[in-house]
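Letters A, B, ... are given to chains in the order of the sequence lines, protein chains preceding strands, and every chain is numbered from 1.
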Amino acid sequence: MSDPIPGNDTAATPPPDAAGKASDFIREIVEDDLRTRRNDGRVATRFPPEPNGYLHIGHAKAICIDFGVADQYGGTCNLRYDDTNPVVEDVEYVDAIEADIRWLGFEWANLYYASDYFEKIYEFALLLIRKGLAYVDDLNEEQIREYRGNFYKKGVESPYRDRSAEENLDLFTRMRAGEFPDGSKVLRAKVDLNSQNMNLRDPLLYRIKHAHHHRTGDTWCIYPMYDFAHPLSDAAERITYSICTLEFEAHRPLYDWFIEKCDAFPSRQIEFARLNLTYTVMSKRKLLQLVQQGYVSGWDDPRMPTLAGMRRRGYTAEAVRAFCERIGVAKNDSVVDVALLEHAVRDDLNRRSPRMMAVLKPLRLVIQNWPEDETWEIDAANHPDDPSFGTRKVPFSKVLYIERDDFKEEPQKGWFRLSTGAEVRLRYAGLVRCTEVVKDPATGEVVELRCTMDPESRGGTSPDGRTVRGTLHWVSAAHAVDAEVRQYDRLFSVENPNASDPNAPVQQTFLDFLNPASLEVLSGCKVEPALAAVAPGTRVQFERVGYFCADSKDHAPGHAAFNRTVGLKDSWAKVERKAGGEPPKAKGAVVAPATAPAQAATTVAAAPATAVAARAVLKALSPEITIDDFAKIDLRVGLVVDAGSVEGAKKLVRLSVDVGEGRPRNVFAGIRSAYPDPTVLVGRRVIVVANLKPREMKFGTSEGMCLAAGEPETGLFVATFDGEARPGDKVT
RNA sequence: UCUCCGGUCGUCCAAUGGCAGGACACAGGACUUUGGCUCCUGGUAUCGGGGUUCGAAUCCCUGCCGGAGAACCA
């Protein structure tokens with residue numbers, strides 16, 4: 001169990017009655033059934049993705065459960081595409097899904113499509129009609145909703161509920177034959193209109209969709225609903241455990257109802273809590289939005305939680321599987337700390353990555369007592385703890401590059417890297433002491449360090465046994481190869497990007513929490529020759545920096561490109577943080593141009609404007625964000641011409657604001673607590689952020705934001721003012 | 001307001017009427033030619049109130065909190 005090597009655990013089938021200690025409640029159920037021979041000792045599961053998106057880390061959890069349970073008990077797991085809704089599905093995703101599952105190290109016993117069973121499912125529908133358990137309903141969508149009632153109101157029977165079996169048979173056959181337009185009729189099951197469980201209030205079985213299906217083409221114009229198709233598909237494959245996520249819990253009674261009434265194979269549905277991760281969004285809709293609107297470069301952008309993205313970032317399948325094991329399986333809604341994922345990948349990569357040296361932000365260092373033209377080929381170990389990784393040659397010469405961050409003119413307490421007069425070890429090479437600092441006379445910037453090397457210390461230790469605590473990585477300038485390094489960080493800057501702040505002046509979306517520093521592209525990095533020569537996809541530890549992999553798309557001879565998978569743990573950063581009393585993580589930090597010699601990062605407060613600018617800039621696809629971008633925010637005087645509350649949204653106020661455009665803008669603001677009667681704002685002047693992309697909201701489109709401020713107790717007040725400023729005037 | 005599901009360290013998962021344990025995170029220390037790895041140490045939890053019991057995280061009652069539920073989505 002602790003050894004998640006793909007395929008390694010499939011051969012060993014424990015005897016069904018070997019009462020192993022089940023590791024979670026699902027395996028407990030399976031082991032109970034195995035003991036009682038419930039399915040003749042057979043275990044069959046399935047993984048049922050809908051082909052309308054890429055697989056993400058949440059799917060990985062499901063895959064590990066579905067395939068893992070089958071493997072562990074000598075059973076089988078099928079891959080079955082849940083393709084019952086032709087309008088949202090796309091073949092593009094099918095290949096990607098299969099590649100991702102295989103990458104994780106699983107192989108399906110059979111590959112099916114729910115659409116393979118359309119004919120069978122249709123037969124079951126006829127059976128239910130004959131049994132008087134299904135009827136064709138002519139009510140339209142809205143009427144059905146109306147008749148169905150709600151949590152507090154019982155359902156009312158449709159006037160078509162008592163059609164005879166003959167009439168239903170005739171109508172349903174003609175539905176299939178294409179005699180009726182979309183939406184004109186549906187087939188419904190006759191279950192229980194009084195149930196508190198809405199799923200049982202005569203659920204839909206079939207709807208008419210004259211749509212082309214990616215597999216069945218135009219054969220069908222009626223398509224079964226998930227609730228009907230799923231149990232019957234499971235039955236067709238004689239699935240013993242239909243494992244799914246918690247939101248299907250309320251569907252289980254219906255699942256069982258169909259099995260009973262159709263006399264189908266009784267698969268058992270078991271629900272577990274889906275995976276949530278801090279600093280991550282997992283919904284397909286949101287991931288699709290990030291891709292389609294260009295906030296990321298694609299489904300395989302290394303910042304995406306998709307398996308394709310994680311793979312490109314350098315994650316290993318073993319790390320993902322180890323993570324899935326660590327998080328466990330339960331029914332509690334939970335949010336897993338992304339640090340656990342990061343730990344899993346560090347843990348795996350530490351064992352399996354060769355070490356190499358790369359300098360990300362180079363600073364010249366000259367060894368003054370080293371001969372001008374002498375190159376020393378050092379044999380360096382590729383792994384400090386595992387000799388089987390072997391050694392490589394690393395060239396050393398008079399002029400080197402070290403990391404700019406490894407030198408400080410005025411070191412603070414505890415600093416044991418380089419500073420004026422200090423001695424450090426150059427990894428594998430020897431001990432050097434800094435004797436001189438060369439600065440650019442114009443800017444004062446440090447441009448070069450001059451050092452002397454202790455000739456006795458070749459290799460790294462000195463015969464007198466003195467301790468030198470600092471060890472730096474370096475690259476020989478004459479031999480260095482230039483590389484591009486993409487430093488990836490969390491895509492979102494808040495733990496929960498799904499939750500908007502109720503006090504925010506305008507309702508926020510997850511896009512407002514995008515981390516503007518999620519990608520920092522460094523060019524002109526210096527790497528040792530052996531590193532530039534690795535194949536795309538190769539994973540390496542840059543000593544003292546982090547785990548990186550050569551990009552699978554962009555890394556090529558003549559253009560070295562590496563992605564940071566995850567940084568090394570950095571206990572010095574912790575010390576600095578504590579000393580500085582700074583917050584744990586610089587949030588909303590603005591990234592200086594990557595090529596700039598000094599890092600002129602500016603930190604700004606996490607105000608809405610920041611998020612907006614961050615969005616705009618990310619959208620522009622530039623990794624380089626400057627303070628200038630914030631100057632682009634367009635503030636205008638607005639005159640409130642109408643104001644009112646918003647039906648169904650306690651915190652929102654709808655404002656109609658004249659900003660001198662001939663047509664007033666619609667603006668929603670979460671300021672209701674401060675303005676129980678929003679009409680007091682009519683006639684007031686406010687400050688509007690005018691150059692925002694209109695935001696689609698549940699209640700309408702918001703075409704701007706109003707500047708506001710306030711205390712938690714009082715709620716947010718809109719900044720208003722009187723005077724002669726005209727609507728549309730620029731505010732500076 | 002109704003129904004269902006859930007509530008254990010900061011986070012995730014165990015303990016299935018009998019010593020509340022592990023991992024991550026955090027804090028301290030040892031070691032170190034990566035401020036990495038490894039090792040040692042530490043703190044921190046049973047949602048509240050009643051009840052049953054020799055004994056309750058576990059069973060019962062009740063309150064509170066969180067999630068899900070009224071798509072011709074899955």
Side-chain angles (χ1 to χ4, degrees), chain A residues 21 23-25 28 48-50 52 82-85 87-88 137 140-141 144-146 148-153 155 182-188 195-199 201 204-209 222-223 225-227 229-230 244-253 271 273 275 278 284 323 325-344 346-347 350-351 355 357 380-381 383-385 414-417 425-431 457 459-461 467-473 495 541-547 567-575:
Chain A
K21 191 92 172 88
S23 54
D24 58 68
F25 78 99
E28 230 163 72
E50 190 187 10
N52 69 348
D82 223 327
D83 58 349
T84 55
N85 187 356
V87 302
V88 298
D137 196 344
N140 65 32
E141 190 173 348
I144 289 177
R145 220 194 325 272
E146 182 69 22
R148 183 146 42 204
N150 57 40
F151 304 136
Y152 321 110
K153 203 171 94 200
D182 286 9
S184 59
K185 285 181 168 39
V186 293
L187 184 71
R188 298 178 73 179
S195 175
Q196 272 300 331
N197 185 343
M198 288 294 162
N199 298 121
R201 316 252 266 227
L204 269 58
L205 265 36
Y206 271 90
R207 73 281 215 198
I208 301 172
K209 273 179 197 275
I222 56 171
Y223 292 93
M225 301 292 291
Y226 166 89
D227 279 328
H230 208 83
C244 60
T245 46
L246 244 31
E247 64 268 28
F248 292 99
E249 219 166 7
H251 296 243
R252 184 165 12 105
E271 311 88 11
L275 171 67
T278 56
K284 272 187 206 172
F323 168 75
E325 245 171 60
R326 289 293 186 81
I327 58 177
V329 181
K331 298 189 71 155
N332 305 333
D333 281 314
S334 58
V335 185
V336 175
D337 192 338
V338 75
L340 189 55
L341 214 211
E342 290 168 352
H343 169 261
R346 278 196 196 99
D347 192 42
N350 174 50
R351 274 188 293 256
R355 315 291 140 121
M357 293 197 287
H383 199 294
D385 313 312
W415 175 264
F416 45 85
R417 276 118 96 153
R425 174 167 30 247
L426 294 178
R427 183 100 161 129
Y428 310 116
L431 304 178
S457 71
T461 46
T467 50
V468 173
R469 294 200 66 185
T471 300
L472 309 188
H473 60 281
E495 272 198 28
Q541 185 197 99
F542 289 4
E543 289 215 51
R544 302 210 308 129
V545 180
Y547 297 98
L568 251 28
K569 283 217 283 193
D570 187 351
S571 51
W572 171 247
K574 252 183 225 176
V575 173

- line: Side-chain atoms of A:Arg326 come closest, of B:A74, B:G35, B:A23, to B:A23
Donor-acceptor pairs under 3.5 angstrom involving side-chain atoms of residues 328-336 of chain A: please list them, not counting sequence neighbours.
{"residue": "A:Lys331", "atom": "NZ", "partner": "A:Glu249", "partner atom": "OE2", "Å": "2.8"}

message: Among B:G35, B:C72, B:G36, which nucleotide has an atom closest to any side-chain atom of A:Asp385?
response: B:G36
message: On RNA chain B, compare the nucleotides closest to A:Arg145 and A:Ala339; which residue's is nearer the 5' end?
response: A:Ala339
- request: Please work out if A:Gln541 contacts a base, only the sugar-phosphate, or nothing of the nucleic acid, heavy-atom cut-off 4.0 Å.
  value: base
field: B:G36 OP1/OP2 closer than 4.0 Å to side-chain N/O of A:Ser571
entry: yes
message: Counting only side-chain heavy atoms from C-beta out, which of B:G36, B:C24, B:C72 sits nearest to A:Leu204?
response: B:C72
field: Closest listed nucleotide, where the reference is the side chain of A:Asn85 and the choices are B:A74, B:U38, B:A23
entry: B:A74
message: Taking salt bridge (Lys or Arg N to Asp or Glu O under 4.0 Å) as the definition, give me every residue that meets it alongside A:Arg351, ordered by chain and number, with sequence neighbours left out.
response: A:Asp347
query: Is any side-chain nitrogen or oxygen of A:Lys153 closer than 4.0 Å to OP1 or OP2 of B:U3?
result: no
query: If you look at every heavy atom in A:Gln541 and A:Tyr547, which pair is closest and at what distance?
result: NE2-OH, 3.2 Å
task: Give a yes/no on whether any side-chain N or O of A:Arg427 is located under 4.0 angstrom from OP1 or OP2 of B:G36.
output: no
Could you go through nucleotides 67-69 of chain B and list every protein N or O atom that sits under 3.5 Å from one of its N or O atoms, giving the distance for each pair?
{"residue": "B:G67", "atom": "O4'", "partner": "A:Asp333", "partner atom": "OD2", "Å": "3.3"}
{"residue": "B:G67", "atom": "O2'", "partner": "A:Asp333", "partner atom": "OD2", "Å": "3.1"}

- request: Round to the nearest Å and state the distance from A:Asp24 atom CG to B:C12 atom P.
  value: 17 Å
query: Using a cut-off of less than 4.0 Å, is there contact between a side-chain N or O of A:Thr278 and OP1 or OP2 of B:U11?
result: no
- request: Determine the minimum heavy-atom distance between A:Pro253 and A:Asn197, stating which atoms define it.
  value: CG-ND2, 3.7 Å
query: Just checking A:Val88: base, sugar-phosphate only, or nothing, at a heavy-atom cut-off of under 4.0 Å?
result: nothing
- prompt: So what's the dot-bracket for RNA chain B: Watson-Crick or G-U pairs under 3.5 Å, [ ] if a pair crosses, | if it pairs off-strand?
  reply: .((((((..((((....[..)))).(((((.......)))))....(((((..]....))))))))))).....
task: May I ask you to verify if any side-chain N or O of A:Lys185 is less than 4.0 angstrom from the OP1 or OP2 atom of B:C72?
output: no
query: Under 4.0 Å: is that the gap between some side-chain N or O of A:Arg346 and OP1 or OP2 of B:C37?
result: no
field: Most 5' of A:Tyr547 and A:Arg425 on RNA chain B, judged by nearest nucleotide
entry: A:Arg425
- request: Return no unless some side-chain N or O of A:Lys569 is found under 4.0 Å from OP1 or OP2 of B:C37.
  value: yes
message: Of the options B:C72, B:C12, B:A74, whose atoms approach the side-chain atoms of A:Tyr226 most closely?
response: B:A74
message: Without decimals, in angstroms, what is the distance between A:Asn332 CG and B:G10 C1'?
response: 16 Å
Atom pairs under 3.5 Å, N or O on each side, protein against nucleotides 28-32 of chain B: can you list them with distances?
{"residue": "B:G28", "atom": "OP1", "partner": "A:Lys578", "partner atom": "NZ", "Å": "3.3"}
{"residue": "B:G28", "atom": "OP2", "partner": "A:Lys578", "partner atom": "NZ", "Å": "3.4"}
{"residue": "B:U32", "atom": "O4", "partner": "A:Arg469", "partner atom": "NH2", "Å": "3.1"}

query: What does A:Lys284 touch in the nucleic acid at a heavy-atom separation under 4.0 angstrom: a base, only the sugar-phosphate, or nothing?
result: nothing
message: Using a 4.0 Å heavy-atom cut-off, does A:Glu141 contact any base of the nucleic acid, only the sugar-phosphate backbone, or nothing at all?
response: base
task: Quick one: label A:Asn140 by what it contacts on the DNA or RNA (base, sugar-phosphate, nothing), any heavy atom closer than 4.0 Å.
output: base
field: Qualifying residues under salt bridge (Lys or Arg N to Asp or Glu O under 4.0 Å), relative to A:Arg188, sequence neighbours excluded
entry: A:Asp137
- prompt: So, is A:His343 close to the B:C24 phosphate, meaning a side-chain N or O under 4.0 Å from OP1 or OP2?
  reply: yes
task: Quick one: label A:Gly470 by what it contacts on the DNA or RNA (base, sugar-phosphate, nothing), any heavy atom closer than 4.0 Å.
output: nothing
statement: From the list A:Glu543, A:Arg544, A:Arg427, A:Arg355, side-chain hydrogen bond (donor to acceptor under 3.5 Å, both in side chains) partner of A:His473 resolves to A:Arg544
